[in-house]
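Worksheet for the structure shown next.
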Amino acid sequence: MFHLRAPAVEPAPPLAEVVLAVRNGARFLPQQMDSLFAQTGVRLRLRALDDGSTDGSRQVMVDQAGRAGRVLHLAEGPRAGVAEAFFTLLDRVGADADLIAPCDQDDVWLPRKLARAGRALAALPTGCPGAVIGARMVTDAGLRPLARDPAWRRPPGFANALVENIVPGNALVMNAAALALVRASLPAARAAGVPLHDWWIYLVLSGAGANLWHDPEPMVLYRQHGGNEIGGAPRGLRRSLRMLAALDGRYRRRIDANLSALLACADLLTPENRRLLQQFAALRVAPPVRRLAGAFGLGLYRQGRAAQAALRVGLALGRA
């Protein structure tokens, strides 16, 4: 007697929720949205905020989704800057999302971006927070390649995140457990006026001991067109601009806001990283000689050798 075996049921692809903050992005939105709708190996949900556009961006998004036959979850933004726009979006992500990916309005994603990250994150035990940080191909306005993101010299970690952001939001994909950590931190981030959403995500996830993986294969065409909110200038110029930012206090003010927020939600961090946070906060108000010694002793690090040397000088001078 033969028994018929029911065919195996294939698991549903992961639900990936893309969160898109838009402000006057009508010029490039059609290409970006087409690239989102072309993602393979996932079920895609697109949640967008129009943060006060005056160029018809809202209608462009509605029309683009309609032509593709896709549902678009679209709302008015808070008009309080890019960080608050993304914090608002992350607060609204559906409880059923498996993958969460911030999205800029002017890039193009390669079709395997979300599925590739999803496969890496699926290897984690249930409930274990994790994120994939992809490489990007920097392009001109016409999507002609210019350069890849520079390789990391050292792995991601909280000792790096305290003094440098190496996690661009448009290359980040995180799982639901990582999103839960970020959401728990948002009241503190908002109260402190944290200026950069992607740096904040890096701080929280690395500080909480989440798994952070770097994917070296570029999955994002990172378009440079002169109007980027946070752009990728040529490397020499970018380095000079960062030095100028440090000299006029912007770098220190950003770290001030980050530390204020982290201290308010320190219960999310591992015990080891709570200690490092407290030591770094104390070091920044210590006498100059102690600051210089601490710059070597705490294990804080930036990725580039010149940037590492500048960090130590900046700490000694009270500029970091």
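Everything numeric here is computed off the predicted structure, so don't read it as measured data.
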For a side chain to side chain contact (heavy atoms under 4.5 Å, CB included) check, start with the C-alpha distance between L90 and H197, then their side-chain angles and the critical distance, and finish with the verdict.
CA-CA 10 Å; L90 292 172; H197 65 285; 6.0 Å; no
Test side chain to side chain contact (heavy atoms under 4.5 Å, CB included) applied to I201 and V167, step by step:
CA-CA 8 Å; I201 292 170; V167 176; 5.5 Å; no
For side chain to side chain contact (heavy atoms under 4.5 Å, CB included), just list the numbers for D198 and L172, CA-CA rounded to whole Å, side-chain angles, deciding distance to a tenth of an Å, and then say yes or no.
CA-CA 8 Å; D198 45 11; L172 172 75; 5.9 Å; no
Begin with the C-alpha distance, continue with both residues' side-chain angles, and end with the deciding distance and a verdict on side chain to side chain contact (heavy atoms under 4.5 Å, CB included) for M174 and L181.
CA-CA 11 Å; M174 58 185 158; L181 282 171; over 6 Å; no
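Rounded to the nearest 0.5 Å, atoms CD (Q39) and CG (L114) are 4.0 Å apart. Here the CZ atom belonging to F280 is positioned 5.5 Å from the CG atom belonging to L300, to the nearest 0.5 angstrom. Considering CG of L259 and CG of L162, their distance stands at 6.5 Å, rounded to 0.5 Å. Within the model, atoms CH2 of W109 and CE of M33 stand 12.0 Å from one another, a figure rounded to the nearest 0.5 Å. Taking CG of L46 as the reference point, atom CE of M61 lies at 8.5 Å (rounded to 0.5 Å). Interatomic distance, CG of N170 versus CG of D107, reported as 4.5 Å (0.5 Å rounding).
The nearest pair of heavy atoms linking F86 to C103 is CZ-O, 3.4 Å. Contact detail for G299 and A159: the closest heavy-atom pair is O-CB, 3.5 Å. Residues R183 and D91 approach most closely at NH2-O, 3.1 Å, considering heavy atoms. The two residues V194 and A257 have their closest heavy-atom pair at CG2-O, 4.0 Å. In plain terms, the two heavy atoms of V220 and A171 that are nearest each other are CG2-CA, 4.4 Å. Contact record, V173 with A117: CB-CB, 3.7 Å, taken as the closest heavy-atom pair.
Sorted by first then second residue, the side-chain hydrogen bond (donor to acceptor under 3.5 Å, both in side chains) pairs that include residues 58-69, not counting sequence neighbours, are D34-Q64, R58-E76, Q59-D63, Q64-R67. Residue pairs meeting the ring-ring contact (aromatic ring centres under 6.0 Å, His included) criterion with at least one member in residues 170-195, sequence neighbours excluded, do not occur. Listed by first then second residue, pairs satisfying ring-ring contact (aromatic ring centres under 6.0 Å, His included) with a partner in residues 51-80 number zero, not counting sequence neighbours.
P14 is linked by a side chain to side chain contact (heavy atoms under 4.5 Å, CB included) to V42, D98, L99, counting only residues two or more places apart in sequence or in another chain. Partners of R119 by salt bridge (Lys or Arg N to Asp or Glu O under 4.0 Å), not counting sequence neighbours: none found. Checked against side chain to side chain contact (heavy atoms under 4.5 Å, CB included), A135 has the following partners two or more places apart in sequence or in another chain: H214, P218. With sequence neighbours left out, the ring pair (Phe, Tyr, Trp, His ring centres under 6.0 Å) criterion links F158 to no other residue. The ring pair (Phe, Tyr, Trp, His ring centres under 6.0 Å) check on F28 picks up H225, with sequence neighbours excluded. Every residue two or more places apart in sequence or in another chain was checked for a salt bridge (Lys or Arg N to Asp or Glu O under 4.0 Å) with R305, and none qualifies. With sequence neighbours left out, the side chain to side chain contact (heavy atoms under 4.5 Å, CB included) criterion links A97 to E17, R45, V93, I100. Legend: residues meeting side chain to side chain contact (heavy atoms under 4.5 Å, CB included) with A26, ordered by chain and number and at least two apart, are D55, S57, V60.
Distance alone, capped at 3.5 Å, is enough to place a donor-acceptor pair between the E164 side chain and the Q303 backbone. Of the possible polar contacts, one joining the N24 side chain to the T54 backbone as a donor-acceptor pair under 3.5 Å is found. Remark: the backbone N or O of S53 is not paired with any side-chain donor or acceptor of R23 at under 3.5 angstrom. Panel note: side chain R252, backbone R319; no donor-acceptor pair is recorded below 3.5 Å. One N or O on the side chain of T88 and one on the backbone of E84 form a donor-acceptor pair closer than 3.5 Å. A distance-only check finds no donor-acceptor pair linking the side chain of D51 to the backbone of V22 [under 3.5 Å]. With hydrogens and angles disregarded, no donor-acceptor distance shorter than 3.5 Å links the side chain of R136 to the backbone of D149. At distances below 3.5 Å, at least one donor-acceptor pair connects side-chain atoms of N175 with backbone N or O atoms of C128. Using modelled atom types, one side-chain atom of R291 and one backbone atom of A316 make a donor-acceptor pair closer than 3.5 Å.
Using a 4.5 Å heavy-atom threshold, the side chains of S206 and P156 count as separate. Counting only heavy atoms from C-beta outward, the side chains of W213 and L124 approach each other to under 4.5 Å. In this structure, the side chains of R223 and D104 stay at 4.5 Å or more apart for every pair of heavy atoms. Using a 4.5 Å heavy-atom cutoff, the side chains of Q32 and Q105 are not in contact. Side-chain contact between V82 and P195: absent, with no pair of heavy atoms (C-beta onward) separated by less than 4.5 Å. I133 places a side-chain heavy atom less than 4.5 Å from the side chain of P168. For the pair W199 and I255, the minimum side-chain heavy-atom distance is below 4.5 Å. The shortest distance between side-chain heavy atoms of Q308 and R302 falls below 4.5 Å.
Seen from the ring of Y301, R154 counts as a face-on cation partner, given the 6.0 Å and 45° thresholds.
When the side chains of ILVMFWY residues are joined at heavy-atom separations under 4.5 Å, either directly or via intervening members, V108 and F37 end up in two distinct hydrophobic clusters. Residues L196 and Y251 fall within the same hydrophobic cluster, defined by Ile, Leu, Val, Met, Phe, Trp and Tyr side chains chained together at heavy-atom separations under 4.5 Å. Clustering ILVMFWY residues whenever any of their side-chain heavy atoms sit less than 4.5 angstrom apart, transitively, puts W152 in the very cluster that holds V163. When hydrophobic clusters are built by joining Ile, Leu, Val, Met, Phe, Trp and Tyr residues whose side-chain heavy atoms come closer than 4.5 Å, directly or via intermediates, L269 is grouped together with L298. Placement of M137 and L36 in two distinct hydrophobic clusters is found when ILVMFWY residues are connected by side-chain heavy-atom separations under 4.5 Å, directly or transitively.
Under 3.5 Å, the side chains of S35 and Q31 contain no donor-acceptor pair of N or O atoms. For the residue pair Y202 and N160, a side-chain donor N or O sits within less than 3.5 Å of a side-chain acceptor on the partner.
The environment of CD in E217 is crowded: more than 12 heavy-atom neighbours from other residues, nucleotides or ligands sit within 6.0 Å.
Taking Ile, Leu, Val, Met, Phe, Trp and Tyr as hydrophobic and joining them when side-chain heavy atoms fall under 4.5 Å apart, one finds V313 in a cluster with L317.
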